[in-house]
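One structure is given below, encoded as structure tokens.
The structure presented is a predicted model; accordingly, all values stated were derived computationally and were not measured. First the proteins, then the strands, lettered A, B, ... as listed; each starts at 1.
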Amino acid sequence: MNASQIEKNVIALVENFNKEEFVFDLLKAYGISKTSITRLKKGDFNLSKIDGEVLYKSKMLFKEVESGALLNTIDELTKDTDSLKHNPRFVIVTDYKTLLAKDIRTGLALDTPILEIHKHFGFFLPWAGQEKYAQKNENYADRKASYKMAKLYDILVTENPNIYDDGGHNLNIFLSRLLFCFFAEDTDIFPIEGMFTDTLEQHTQKDGSDTHTFLDRLFKVLNTKDNSKEAAHFKEFPYVNGGLFRDTIVSPKFTKEARKIIVECGDLDWSEINPDIFGSMIQAVVNPAYRSGLGMHYTSVPNIMKVIEPLFLNELNEEFEKHFNDVKKLNKLINRIAKIKVFDPACGSGNFLIIAYKQLRRLEIKILARIYEVNHQLNLGFPDVYTKIKLSQFYGLELDDFAHEMAILSLWLAEHQMNKEFVNELHDYGKAEDILPLKEAGNITQGNATRLNWEDTCPKNEDDEIYILGNPPYLGSRNQDKEQKEDMKFVFLKDYKSLDYVSAWFYKGAKYIQGFNAQLAFVSTNSICQGEQVSLTWPRILNEKVEIGFAHQTFKWTNNAKGNAGVSVVIVGLRNISNKQRLIYIDSHKLKVLNINAYLTGGPNIFIFKRSRPLSNIPKMSYGNMPLEGGFLRFRDDEKDKIVKDVRTLKYIRNVIGGEEFLKNINRYCFWIDDEDLEDAIKIPEINVRIKNVREFRENGGEVARTLANRSHQFRYRNEPSNNQIVIPCTSSEGREYLPCGYYDSSYISLNSVQTVYDAEPWVFGLLYSKMHNNWLSAVGGKLESRIRYSSALCYNTFPFPDINEKQKEQINLHVFEILEEREKHPEKTIGDLYNPDKMPKGLKEAHHQLDLAIERCYRLKPFESDTERLEYLFKEYEKMINKNTLLEKPKRTRKKKAK
DNA sequence: CATCCGACACCGT
DNA sequence: ACGGTGTCGGATG
């Protein structure tokens, strides 16, 4: 069934609205078969046993509720894990006046009068298998406009070579004004529709020669209160002011082509523009580095909601429902909302601020409508009402000058849109002041958030209620430039060199909210809550007397931009230490916990620090050999065939084993040349050329590489076992139940994509393969996005393992042989395939299970019942061992320090 | 010397 | 375009 047919169906449903049949009619409208619906009605498809509830597998969870309980109910239902087991795509509640729905997959929410549901028919299209229908078209207008603006921008820059002499500020303001005019003429901010474009077209030369003088003059007119003496075609333009047209700038020169494009821009329908998204897109126009992605770093609305809702919106909504019948309290709530400050210290073109603004305005509308309803029932009058929410409650800080201009502009546009909505929704009494002349703007400052004192941007006054939010830049320690490193030094003073750039925002934010009625939540790379970053970053933040109030565990960054940023993110909410509930969001589920630690799990605050030696009595783990040779000393089968045609090469060829080679069963080789053989080896042309290539590569490389240029016939490191070696891939899929490890003989050279234990007894292999260890490394190890990242310092050297006797070791050895035997039964399968969770052979699974039991018996006799229990036990053991260890090591350490 | 990391990188479909 | 899944080299301790 196509979308337009569905729309017709939904319209028909509304026209013949039938309370009893509503939910079934709705499903029918989306093409769910009659028989399914009959069985659903009869009850054998309805998985819910509660009266008034319909739970339809993978489709929806529906509930009819009393007025006033809507929000609470949907909130409860969306975290009802029993129902969510059946994967309902939507949760729907209604009192048959209003309908609330939530898309569990995307997190999008719908709030509509039930008789207007046809206007939102697209929301439920996933039922009809039309997944991204709504999304695909979502930003069509924004994109079209952005592309046109990009064209205009390009031509203006080419024609005005000196345009960047002032750093581009003049041009930024110019573009911002132009955008305002396009928007204003299409949304009745200007008195006559299309008057900007029409006037420009009629009163400028076709060759573009006087377009800039026209615009200069028009901008002056827009900044003048009394234009009665102006020429007739300018007279009609209103006074805009608001700072937007205050300063005199010089418009760039136009060509014939440029004039044509500006007219084409004007002919687009700008009323469709979403200020929240458009700003980010248009920002990409002036930032060529982002051009191809067209706003790839803007935060999508669902993701912004993930920040805003737990930070303040949910609580305000609860207040509203709590005082649903109490006009006095409702008025109080409006006054509270009108005082809230929202501050984004990395606001870009303002999309968090705009969404926050819109959401607060919508809540105000809802409250006012309710107040009216109550007063109406009491036959009380209701005077005209204006919004109390002001743009000046919104604060932003942004480094990029153009983005900061866009943020100011977009907030005005959002205000205009919300004023319209306000008047529409509260049709009899909601009033809005004229948008012109523009009054106060958002408090958006241009500057470096790491350097500036945030209280200068967003002052803290007594009785203020402040929410800090945003999506600050992420940059791993090795990707920061010199200036950013200096920023980090400025913020942290010391031990800043390995921190992610985003941590500066958390740190400054924590200091800002400390002891004040303020909270914060940022979207951040998930890296800062994994691996070494946790113990480097969080102790100093959580020392600021703040706690993690809520958190979203890792989800993949997506928006509708073309080139999505490749990163996985978390959301971390910080607040002053309190007794309030703490929530962890995992996908669409909510989890109430007693504490949220820096790994964003519900355990106690624990920090696992890197160690260079094992905590337990287990052999040393080494890194594989890093080649650092640009790939010139290594080759695969196809190349090998050619190389060995010269039999002299055979002497210098060795097998290599890296992560991918191990997991995907790939043969790979390298030249392995001892110093004393070098003279002979370079007589072979193939080898000689490769060594030269390595030298060139290293000479052009970084500091370390350059020091290695003189031994370009060798890898950077040259470690080998005497007999055998265990290899563990440094990076591997998180989908497997066990992190695969391999046993290789000494003919193999390990690569730095594996960790190795040289000449280890089999029980070490068993220990690495155990569920205990796998649980540990998933909890405390680093990740690549969500991939498992095995490192000796975090996973192996920190692992608490009891001292075991020879008999126990022998026991474990047997289980290890069992596993190796099982693996050998499937020579056609790669290790990666063998450990694919869906395809793991039964025998192998059983062998692993037996090993797990043997390993766990080393810890205690009572078997472990769950992974949670295993982890809890391990953390306790870890603390015990660390305490014992520090007691023993203390004297040594002090001496060492003195020696320095 | 010895790393853990990446607003990633790349492959296969 | 997108899900699936791991390289490689270096600034830093």
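- Between the base of B/dC8 and the side chain of A/Glu785 there is a donor-acceptor pair shorter than 3.5 Å.
- Across all strands shown, A/Thr525 has no heavy atoms under 4.0 Å from either base or sugar-phosphate atoms.
- Nearest-nucleotide positions on DNA chain B place A/Lys620 closer to the 5' end than the other of A/Lys783 and A/Lys620.
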**Complete:** Encoded 5' to 3' (Watson-Crick or G-U under 3.5 Å; [ ] crossing; | other strand), DNA chain B becomes ||||||.||||||
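- Distance CG/A/Asn752 to CG/A/Asn625: 8.5 Å, rounded to 0.5 Å.
- Aromatic pair A/Phe492/A/Tyr496: ring centres not closer than 6.0 Å.
- Contact annotation for A/Arg706: no contact, since no heavy-atom pair falls under 4.0 Å across all strands.
- Nucleic acid contact class of A/Phe697 (heavy atoms, under 4.0 Å, all strands): sugar-phosphate only.
- Residue A/Arg789 places a side-chain atom within donor-acceptor reach of the base of B/dG6, judged by atom type and a 3.5 Å distance cut-off alone.
- For A/Arg478 against B/dG6, no side-chain N or O and base N or O form a donor-acceptor pair under 3.5 Å.
- Here the CG-OG distance, from A/Asp500 to A/Ser524, works out to 6.5 Å after rounding to the nearest 0.5 Å.
- When heavy atoms are screened at a 4.0 angstrom cut-off, A/Gly701 is found touching the sugar-phosphate backbone but no base atom.
- Side chain A/Asn719 to base B/dA2: no donor-acceptor pair is found below 3.5 Å.
- Between A/Arg690 and A/Glu639 there is a salt bridge, since a side-chain N of the basic residue sits under 4.0 Å from a carboxylate O of the acidic one.
- Of the candidates A/His713, A/Arg698, A/Gln714, A/Arg634, A/Arg634 is the only one forming a side-chain hydrogen bond (donor to acceptor under 3.5 Å, both in side chains) with A/Glu629.
- Counting any heavy atom pair closer than 4.0 Å across all strands shown, A/Pro627 reaches no nucleic acid atom.
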